[in-house]
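Have a look at the structure below before the remarks.
For clarity, every value in this text was computed on a predicted model and none was experimentally measured.
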Amino acid sequence: MKAIRRFTVRPVLPEALHPLSELARNLRWSWHAETRDLFQSVDPERWVSSGGDPVRLLGSVSPRRLAELAEDRRFLRRQSAAADDLRDYVTGDRWYQGQAQTAELPAAIAYFSPEFGITAALPQYSGGLGILAGDHLKAASDLGVPLLGVGLLYRHGYFRQTLSREGWQQEHYPVLDPNELPLVPLQEADGSAARVDLALPGGRRLHARIWQAQVGRVPLLLLDSDVEENDFGERAVTDRLYGGGSEHRLLQEMLLGIGGVRAVRTYCRLTGHPGPEVFHTNEGHAGFLGLERIAELHDQGLDFDAGLEAVRSGTVFTTHTPVPAGIDRFDRELVAQHFGPDAELPRIDVERILGLGMETYSGGDPNVFNMAVMGLRLAQRANGVSLLHGQVSREMFSGLWPGFDPDEVPITSVTNGVHAPTWVAPEVVRLGARQIGAERTEDAMSVGGSDRWDAVGDIPDQDIWDLRRSLREQLVTEVRERLYASWRQRGAGTAELGWIEGVLDPDVLTIGFARRVPSYKRLTLMLRDQDRLMDLLLHPERPIQIVVAGKAHPADDGGKRLIQELVRFADDPRVRHRIVFLPDYGMAMAQKLYPGCDVWLNNPLRPLEACGTSGMKAALNGCLNLSVLDGWWDEWFQPDFGWAIPTADGAAMDEDRRDDVEAAALYDLLEQRVAPRFYERGQGGLPDRWIEMVRQTLTHLGPKVLAGRMVREYVERLYAPAARAHRALAPDAAGELAEWKARVRGAWHRVTVDHVETSAAPTGTAAELGASLVLRVRVGLGELAPDDVEVQAVSGRVDSEDRITDASAVPLKPANGPDEEGRWVYEGPLSLDRTGPFGYTVRILPAHRLLASAAELGLVVVPSEGMGEGAGVLLR
């Protein structure tokens, strides 16, 4: 008989154990070993059965056991120490507070993301974007950054994955009860639930409740539409992560962005938390938050243009996708239907809203509303998530800045990082603590600093190798348990599964590959030549073994076919002890997988991997990377601590041929370099050269791949400048900037470069290094004044088509007032500071003290082709 309603009956904690509730509700336990150890000691068996979730543990432990603990003086001392430590962590000064004394840092930053991977106990993530968001919050907490997270609470989370007997992915959506999660409802002063609501077409309303998770020092607000006031359709808006059709996704993103800002305002009103000066949009899903903030300013008397400038000044937008297909795009009419007088934000003209997201540029679709385009237009500062991804993003979005070379598009990069206390195995932490002390180890993982990591170089080889072998052995045990459970779900009987006891060997080179399964990540590249892969797996002296995991999107049958192809290969009795596929990849599995592997494999189609943080997590545990030069590996690869898989990008070949070539390169590396290095033994019987690579990985990559380093960069390079710009754009200044932009746009068609000459032209086409030219440029400014523009000389080396490839720009100055025709003459020196083919040009850009970038308006004037005394000179 099935229950019609479900709820949780919790035991009442004795007064002496009340601190356990506070410790369970603050998710710092998910990365704080001492707190987890305390909960494990409450009831070790129930701790395992609860999946290491303190809330579930306390909901199931017997009253008798609680009474025993309330009288256990040793337990109470440990509990008191953990509670005091959490209190000090939450209230004490940290890195940010020290910086704030000397820098104008924001009082608060709101961080919006469609998913957050904090812990397996709060399953609100699907993959890298959510895990990155979770690590961002945790690192901000460790550093004392006043972040406030905003997301949605999905009642089904992301799907759970099993396999059919034939190896086909199957999805399951277990219902999540917020009362069984580490959440508390945000309440009004009278005890009622705090809510936000949105207007929908036809006079309907979308209501959402606000739940709060506490991530160390950082509050995380999650909006939940499954409330009684909503009709069935509205209740389902937050049903599952990345589910449903276009309108469903649009409503999710409206609730996240618009409802999220309203939730932030409600939270700040109820708690006294400082209002955010900076809003950070993690991907385009939350982009509507800018519209809500413009509407807020409209109510304060600012028109749309002034509000737009004020909002842009304090907004940071991070793009994570290197491919247009990864961006949410909606039909123009669908978006128009949900805004305006009969729906949400009635005070804003629908056409102004649509103009922010329309692809009104060369190659775009003007009938499509693009969430990333809106994110870029609503943010004064934007970034990709690795150096290479920044470059890819500048090229992908260059249509928004016509007339500028891609390298001048105002999208910078902050390379992702990972939260070491979450992802580093306890055994690795203990080894570090034994070498440099527990406090320095914790500091190194949170704050970074190469000096703290250099001490790893003094750990004896034997200790490193014993640790690696122990972690590999733990992984073997974990794989066998998960593989057995998977085969039972696939319908196998116990009598069929005796072979699983022989799966994997703790002394064999172990390779890991785990990630989402879109086609560009090439899950099955390793299968291109199955006979050769079998030879590697079964090599009599240097065998390898491979652990694979990953989920395909429920609507991606192509990804499911890739999984099935790999599962069928792994089911082959000849190799099933050497290669396994583990279903239901998530944080709990990952925390065992990364430390237990010797090599982390990554073979995407370059340059389609934005960052690839799984390899970072593996590296922090002493696992070596074997990867295509993409994402972060392109930036930090060195032969001292890993291998680069050669690629054929740019070559004239079809996709199949490219996969064959790159798979062959992978096999060659494994056969000729990776496996021999692992099995090679020195005089002491240890793989000395392999251990040295592990040591180099920890000392050189360790401080770079930290989320603490990443968050510090966000603070220094994006949050602090955004806060300063936000303060500078008070209402009067915002109005001034908006009026100036309108005036410049209206007059720009009359701005011209009329003539370019040099006062000391080189003889012929050659000049000497160190010489200097004086440029004179005659320009027409129309209705604009010199204060509205900057005239620049742009020079540098040129390629075979006379394109300047390493440009440097120098401003020129007016030589005198306008002539009788209203033309101005600008002049200035041009230094010939490098040898080889060299060229110059001039250009005119808008200029204003409140612009964050000269490219901000997307306006530029350059000479017509052939103007002046030669576009380039050759230096000898």
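- Under the 4.5 Å side-chain criterion, counting only non-hydrogen atoms from C-beta, L17 is in contact with L76.
- In this structure, T697 contributes its side chain and M693 its backbone to a donor-acceptor pair below 3.5 Å.
- Pairing each heavy atom of W401 with each of E856, the nearest pair is NE1-O, 4.0 Å.
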(message) W31 vs D142, test: side-chain contact (heavy atoms from CB on, under 4.5 Å). Steps then yes/no.
(response) CA-CA 11 Å; W31 72 91; D142 291 341; 3.4 Å; yes
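- For the 3.5 Å distance criterion, the side chains of H136 and N416 fail to qualify, holding no donor opposite an acceptor.
- Looking only at distances, no side-chain donor or acceptor of Q380 sits under 3.5 Å from a matching main-chain atom of R312.
- You'll find the side chain of F397 reaches within 4.5 Å of the side chain of I411, heavy atoms only.
- For the pair K138 (side chain) and I118 (backbone), a donor-acceptor distance under 3.5 Å is present.
- In this structure, the side chain of Q214 engages the main chain of G216 through a donor-acceptor pair within 3.5 Å.
- A donor-acceptor contact closer than 3.5 angstrom links the side chains of E692 and Q696.
- Residues satisfying the side chain to side chain contact (heavy atoms under 4.5 Å, CB included) test with A121, not counting sequence neighbours, are W29, D53, T119.
- At least one donor-acceptor pair under 3.5 Å links the side chain of S313 to the backbone N or O of A310.
- Counting only distance, with no hydrogens or angles, the side chain of D135 and the backbone of H419 share a donor-acceptor pair below 3.5 Å.
- A 4.5 Å side-chain heavy-atom check between L256 and F288 finds every atom pair outside the cut-off.
- Using a 4.5 Å cut-off on side-chain heavy atoms (C-beta onward), V261 and F112 make contact.
- Shortest non-hydrogen contact noted between L620 and V424 is CB-CG2, 3.8 Å.
- Between the side chains of Y719 and H280, a donor-acceptor pair is found at a separation under 3.5 Å.
- Rounded to the nearest 0.5 Å, atoms CG (N625) and CD (Q638) are 13.0 Å apart.
- Of the residues listed (T266, I210, V196), the one engaging L221 in a side-chain contact (heavy atoms from CB on, under 4.5 Å) is I210, and it is the only one.
- The heavy-atom pair separating G127 from E115 by the smallest distance is N-OE1, 3.4 Å.
- Taking 4.5 Å as the limit, some side-chain heavy atom of T321 sits within range of a side-chain heavy atom of E283.
- The closest side-chain heavy-atom distance from P595 to V428 is not below 4.5 Å.
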(message) With side-chain contact (heavy atoms from CB on, under 4.5 Å) as the criterion, how do N26 and V90 come out once you've worked through the C-alpha distance, each side chain's angles and the decisive distance to 0.1 Å?
(response) CA-CA 10 Å; N26 192 311; V90 168; 4.1 Å; yes
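- Side chain of E253 to backbone of G284: no donor-acceptor contact under 3.5 angstrom is found.
- In this structure a side-chain-to-backbone donor-acceptor pair under 3.5 Å is missing from E292 to G257.
- Looking at heavy atoms from C-beta onward, R28 lies in side-chain contact with L86 at the 4.5 angstrom threshold.
- D37 pairs by the side chain to side chain contact (heavy atoms under 4.5 Å, CB included) definition with Q40, R78, not counting sequence neighbours.
- Considering only heavy atoms from C-beta on, S386 stays 4.5 Å or farther from D634 through its side chain.
- Checking side-chain atoms of R25 against main-chain N and O of L183 turns up a donor-acceptor pair under 3.5 Å.
- Interatomic distance, W632 CH2 to S627 OG, rounded to the nearest 0.5 Å: 7.5 Å.
- Checking T412 against N383 by side-chain atom types alone, no donor-acceptor pair falls below 3.5 Å.
- Atom CG of L289 is separated from atom CD1 of I294 by 10.0 Å, given to the nearest 0.5 angstrom.
- In plain terms, the two heavy atoms of R394 and V409 that are nearest each other are CD-O, 3.3 Å.
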(message) Using side-chain contact (heavy atoms from CB on, under 4.5 Å), reason through M616 and W633 one step at a time and then give a plain yes or no.
(response) CA-CA 9 Å; M616 294 178 168; W633 193 236; over 6 Å; no
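- One distance of note links CD of Q124 with CG of L220; it measures 9.0 Å at 0.5 Å rounding.
- The ring of H32 has its center no closer than 6.0 angstrom to the ring center of Y89.
- Expressed to the nearest 0.5 Å, how far CD of Q212 lies from CG of L270 amounts to 10.5 Å.
- In summary, the side chains of H848 and E736 do present a donor paired with an acceptor at a separation below 3.5 Å, with no hydrogens or angles considered.
- Minimum heavy-atom separation, H320 to N282: NE2-OD1, 2.5 Å.
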(request) Go through the steps for R712 and V715 under the test side-chain contact (heavy atoms from CB on, under 4.5 Å), then give the verdict. (result) CA-CA 5 Å; R712 290 200 314 273; V715 168; 5.6 Å; no
(message) Checking K704 against E635 for the salt bridge (Lys or Arg N to Asp or Glu O under 4.0 Å) test, could you report, in this order, the C-alpha distance in whole Å, the side-chain angles of both residues, the deciding distance, and whether it holds?
(response) CA-CA 11 Å; K704 292 181 178 179; E635 193 170 331; over 6 Å; no
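- Taking CG from L153 and CG from L222, the interatomic distance works out to 5.5 Å, rounded to the nearest 0.5 Å.
- A salt bridge links R269 with E188; the closest basic N to acidic carboxylate O contact falls under 4.0 Å.
- Taking D463 as the reference, R434 meet the salt bridge (Lys or Arg N to Asp or Glu O under 4.0 Å) condition, with sequence neighbours excluded.
- At distances below 3.5 Å, at least one donor-acceptor pair connects side-chain atoms of Q97 with backbone N or O atoms of R94.
- Among all heavy-atom pairs drawn from L378 and G290, the shortest one is CD1-CA, 4.0 Å.
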